[in-house]
There are 2 protein chains.
Amino acid sequence: MTMTSTTTPATPVVPASGRLRPLGLADVRITDGFWARRQEVNGSATLDHIERRLTSEGWIANFDRAAAGTLPEGRRGREFSDSEVYKYLEALAWEIGRTDDAALEARFRAIVGTVARAQEDDGYLNTRFGRPGQKPRWSDLEWGHELYCLGHLFQAAVARHRTRPNADDGLIGIARRAADLVCRVFGDGGIESICGHAEIEVGLAELARSTGESRYLEQARLFVERHGTRTLADIEYGRSYFQDDVSVREATVLRGHAVRANYLAAGAADVAVDSGDASLLDALRLQWTNTIARRTYITGGQGSHHQDEAFGDDWELPPDRAYSETCASIGSVMFAWRLLLADGDARYADLIERTLYNVVATSPSDDGRAFYYANTLHQRVPGIPADPDETSPRASSSLRAPWFEVSCCPPNVARTLASLAAYVATVDEQGVQLHQFTSAAVRTSLADGRRVAFDVATDYPAEGLVRVTIKDDTPGEWTLSLRVPEWAEGARVHVTSAGGTAVQDAAPGWFGLSRRFRAGDVIELDLPMSPRVTWPDPHIDAVRGCVAIERGPEVLALESTDLAPLGVHDVGRVTIDAEAPLDESDGIVSARLRVQVTQSASWPYGPADRVAEGDSILIPLIPYHSWANRGPSTMRVWIPTS
Amino acid sequence: MTMTSTTTPATPVVPASGRLRPLGLADVRITDGFWARRQEVNGSATLDHIERRLTSEGWIANFDRAAAGTLPEGRRGREFSDSEVYKYLEALAWEIGRTDDAALEARFRAIVGTVARAQEDDGYLNTRFGRPGQKPRWSDLEWGHELYCLGHLFQAAVARHRTRPNADDGLIGIARRAADLVCRVFGDGGIESICGHAEIEVGLAELARSTGESRYLEQARLFVERHGTRTLADIEYGRSYFQDDVSVREATVLRGHAVRANYLAAGAADVAVDSGDASLLDALRLQWTNTIARRTYITGGQGSHHQDEAFGDDWELPPDRAYSETCASIGSVMFAWRLLLADGDARYADLIERTLYNVVATSPSDDGRAFYYANTLHQRVPGIPADPDETSPRASSSLRAPWFEVSCCPPNVARTLASLAAYVATVDEQGVQLHQFTSAAVRTSLADGRRVAFDVATDYPAEGLVRVTIKDDTPGEWTLSLRVPEWAEGARVHVTSAGGTAVQDAAPGWFGLSRRFRAGDVIELDLPMSPRVTWPDPHIDAVRGCVAIERGPEVLALESTDLAPLGVHDVGRVTIDAEAPLDESDGIVSARLRVQVTQSASWPYGPADRVAEGDSILIPLIPYHSWANRGPSTMRVWIPTS
């Protein structure tokens, strides 16, 4: 395939340069399948659930109190609670763009009105700071999250602008007034510091694209460049926690708080692309490469520390203490997406796929009303079901809970699911790139203006067949590029047109098909979906001697619910025969497992490793994302070998 | 050996029942060797270091401000800073008992005077609560630490009473007045709750023994019984954090914050023994047994969570995220010591030995002026040397630091080292039990009043020979019981007297020698000190496929400083040939190690475990407790096998 740089943005929300151009919800619609079902639950249950909680927790009412001038009395929630309202607005904006739902539109406008009334005359907007009886504005940059909240406001405004560019709700105006204030206060000669939680960078950069206002991009650049200059105070977790230890340009790997690190990287990528800063983009590529090679769980999850929600050192990836925060994965998708647009390299889309299926899809329960904040890869004791009326402290991390005192994850999942169609495909001057496999309708224009239309039909990931049916006779030749995932050795493509059927092998990476397509042409990508045994790099000490089972993009897990045939109730007592063939029947993957009998000892360290094992039998595995939907259980992704 | 219950305390500080009777510093003196050197550094450097820091941090001055009535203005330190002053007083009391140092005596009296002036008329003593502008007394039992601080005050008073029973410094009176207040406020019908950090229980129980005041024991019992009744608020970490989830009587394992858990268990053991509560003692034995079997590091360290400083689930013992707080190990020694006195079982002394050599001895640097707060078993990146003038946040856990914002560990180490002679031996009616091996002079009385005197000479743990020389012709037969550690298969005892020399095998457990000893008799315990390869229970996932090397009571470690012959600089790149014999020459243990060459991959999970290894060569190991004394390094206790 040919990837050429598009230097002139076709719409305001497109990066100023980069190989691929993103598409909007008007261009791509997810029509059926794995993600359509999750979008349906998100729209019909999760959004309502979130608004009820934002209301019952008083986080929306904080804005009413601000407008009424009664704060700080009665303010509820943590210092960043405003941001959850903004993320909810962003989710609503995407969902309205997806479904054109009038009831959601009304809700959206009501909350925007509430937010508008809370904005002060000079543009300042935050319910926690600046009033008599509150800390002064910008007085706690380390922990105050004022700029972080605004970053989410800006992303909400951009989402609205991308889906309803001419809406008269006023959100973009609120965002502009706040952004103008940020530029005045934090520009050159102002407060030359940063926010302890990155997010303002990506928000400003996106807002610059939506509005064409270059000052916002310049301010985003200033924030990016100030990281590592140690303008924030040192803290217990060290300045790496908020990426103020080393400059973005000099860092070689993501470190510190995993959400902060990914949000900053995403914003820095926007700045690098839109300002043509090749060396900054090189630095970010290196950070991504090293982070994926050494600091990422097999699920795509990132962050191994509970204490500071942070990346560990290289290879420090304990499955039982995996923090793997849902929001960190969403940030990782944001970062990888930006590098994908810039470079067009399929490995970024591979990581996005892995992360979506194995973290983002894992977080919400089947009913869309409970969420994992952290996503452990090894549950040693059965979790206790969450009370649906309770608000859980963050640490209940092995439990899907309806809401958290720090509740960043539920609205973050909601905005990601609602906007998922935007990650499916891109265009360039030569054609269309299909990154994610889902039944979808694609109706878009190439960079040169030619209209292209095709449908995608697939049961992926249950099945590996992805069928693209061309719907229009687009004039001239164009290129349909299909991503072949790294794990898909042996993939094949069948092309059926009036001239007959041709078959080609498709190696991992991009498979590009350049021709003059006709309506009715069918292109089938056939991905091999046999389950596979995956070994860890031996540097990852915590999973030495274990294997994971994967199938397609899904990481599988062993849940204690399925252990009855072995006569045990705990995943800690079984091993896998990694040499035995895996079984797959009726869509269920099974592995040969044995019960391990260890001598019970009063002291667990001794002269020999005396273990007996029983006979192996086939035990079913489940996709990791579906675990803990059948009652309390223990679970492990990495299974010890015999 | 015969162990009989002594139901009448011979001195006020002795438990009311139990198989063994503890000895005071007047009875046992450590004269030379491993621990004598550490006691010398503790007395000559650490105590002075601590007082300088308590002064420069303002934590002693808080008491002056309390006396002057100027608080809360100028108060410094966290809510529990008073306790560090009390632990320092306790360390001083023991050190004065050990050395009779006049300068220390003057310091001790000066600080006691400062504390005395801060005590209020009704006995209340805390610099953080109760004054105008401060929170009311007892208003924050979850986090306020008021009773915790008093528990340490009581332990300091008891240490003084044990070493200078007739001193006129007034400390015991301060403690009694405060304890009387606690009984009035927290007795039946008062505030029926507990302190969020256990310690008051053990403090009150010890004070009851020292003063003969049974009300204090009763109050300690009330606090123990109230744990698990959920009188404290729920918190992010759950009520298990402060052991308010399950009653002490019903719990089956230690859980939650590891220092809190051990302090509570120690206090509960005191209550059980002194009130003859057999079922409570049974529950504690079970908790100890399960905790040692499933939740303890090979070093004896406890607590795998950084976030809540807590025990993990069974088998959750990651070496690279080992928290293994120094104070938790000191609490574990306190708990095991009480069970040892109650039951006389050598396995409790085994655990004490393991913990002393591998955690308590690891914490302080060679110069006694820097300390590990946490004791990792795997250091992946070289630590940065601590600034000797800085106060470190707690999280710098892979770094020995001179002081911490939460600085519980340095004075805890100091009081433990200064009082170490009290853990060496015990008596019963039949004889003397030698628990810990160190050159020492033992001059004591059996429970029946007969005087016994012997010296111990040993280079343990460098050498395995422990020579006991009888110094007195004690009338009648008595029993010298020598602990043979669990690891010491093949130990032998040589007895040399006027009648010649006899040799006997000594199996792990107790070796008892009952006879009429004469001055000049020599009993030599010869412990096999060959290094040994130790495998972990396969349930401990985090160290699967790894071995540790031990020698005598010492856990050894591989430090990157010693890797130069292999041409690498990182312990993460080597494996051990666990089948090859270990080498020991000139007192240095070496193992055959290889460099592991793994394919560098952009994604660390794949179809096969492709690893190449170089030739193995002998590389020296060091005792774990001596690591990080040769500059920044990486280190691991558990070494992957080839």
Side-chain angles (χ1 to χ4, degrees), chain A residues 234-238 289 292-294 296 298 304-308 312-316 318-321 347 350 378 380-381 393-396 405 486 532-546 548 550 572-573 596 598 600-609 611 638 640, chain B residues 234-238 289 292-294 296 298 304-308 312-316 318-321 347 350 378 380-381 393-396 405 486 532-546 548 550 572-573 596 598 600-609 611 638 640:
Chain A
D234 203 1
I235 57 166
E236 177 177 349
Y237 308 136
T289 299
I292 299 309
R294 299 178 175 193
T296 301
I298 189 172
S304 16
H305 291 191
H306 282 243
Q307 186 179 33
D308 48 356
D313 294 323
D314 286 350
W315 316 116
E316 185 184 302
D320 50 352
R321 292 296 284 165
R347 65 191 177 132
D350 281 356
H378 185 178
R380 291 179 179 275
V381 295
R394 185 179 56 195
S396 300
E405 287 173 15
E486 187 61 34
R532 57 195 191 275
V533 177
T534 298
W535 293 81
D537 186 301
H539 282 106
I540 307 174
D541 295 283
V543 293
R544 186 183 312 285
C546 297
E550 299 182 277
R573 296 191 53 202
Q596 193 178 58
T598 55
S600 174
S602 58
W603 179 244
Y605 311 100
D609 187 4
V611 181
W638 290 103
Chain B
D234 203 2
I235 57 166
E236 178 176 350
Y237 308 136
T289 299
I292 299 309
R294 300 178 173 192
T296 301
I298 189 172
S304 16
H305 291 191
H306 282 242
Q307 185 179 33
D308 48 356
D313 295 322
D314 285 351
W315 315 116
E316 186 184 302
D320 49 353
R321 290 296 284 166
R347 65 192 178 134
D350 281 356
H378 185 178
R380 292 179 179 275
V381 295
R394 185 180 57 193
S396 300
E405 288 172 13
E486 188 60 36
R532 57 194 192 275
V533 177
T534 298
W535 294 81
D537 185 301
H539 283 105
I540 307 174
D541 295 283
V543 292
R544 188 183 311 284
C546 296
E550 299 183 275
R573 296 191 53 203
Q596 191 179 58
T598 55
S600 174
S602 58
W603 178 245
Y605 311 100
D609 186 8
V611 180
W638 290 103

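Every chain is numbered from 1, with letters handed out A, B, ... down the list of sequences.
- Heavy atoms of A/Asp314 lying under 4.5 Å from chain B belong exclusively to its backbone.
- Heavy atoms of A/Ile540 lying under 4.5 Å from chain B belong exclusively to its side chain.
- Of the listed residues (A/Asp234, A/Thr289, A/Asp313), the greatest number of heavy-atom pairs within a distance under 4.5 Å of chain B belongs to A/Asp313.
- The most heavy-atom pairs under 4.5 Å with chain A, out of B/Ile298, B/Asp320, B/Ile292, come from B/Ile298.
- Counting heavy-atom pairs closer than 4.5 Å to chain B, the top-ranked of the candidates A/Arg573, A/Arg347, A/His378 is A/His378.
- Taking each heavy atom of A/Thr296 and B/Tyr605 in turn, the nearest pair found is O-OH, 2.7 Å.
- For a residue to count as touching a neighbouring chain, one of its non-hydrogen atoms must lie under 4.5 Å from one of that chain's; by this rule A/His305 touches chain B with backbone and side chain alike.
- Listed options B/Ile235, B/Thr534, B/Asp350, B/Asp308 were ranked by heavy-atom pairs under 4.5 angstrom with chain A; first place goes to B/Thr534.
- Looking only at heavy-atom pairs under 4.5 Å with chain A, the residue among B/Ala542, B/Ser304, B/Pro604 that has the most is B/Pro604.
- Shown here are the side-chain contact (heavy atoms from CB on, under 4.5 Å) partners of B/Pro640, two or more places apart in sequence or in another chain: A/Asp541, A/Arg544, B/Cys546, B/Thr575, B/Arg636.
- Checked against salt bridge (Lys or Arg N to Asp or Glu O under 4.0 Å), B/Glu486 has no partners two or more places apart in sequence or in another chain.
- Contacts between A/Trp315 and chain B at a heavy-atom distance below 4.5 Å involve backbone atoms as well as side-chain atoms.
- Heavy-atom distances place no part of B/Glu550 under 4.5 Å from chain A, backbone and side chain included.
- Taken to the nearest 0.5 Å, the CZ atom of A/Arg321 stands 6.5 Å off from the CD atom of B/Gln307.
- Of all non-hydrogen atoms in A/His539 and B/Gly572, the two that sit nearest each other are CD2-O, 3.5 Å.
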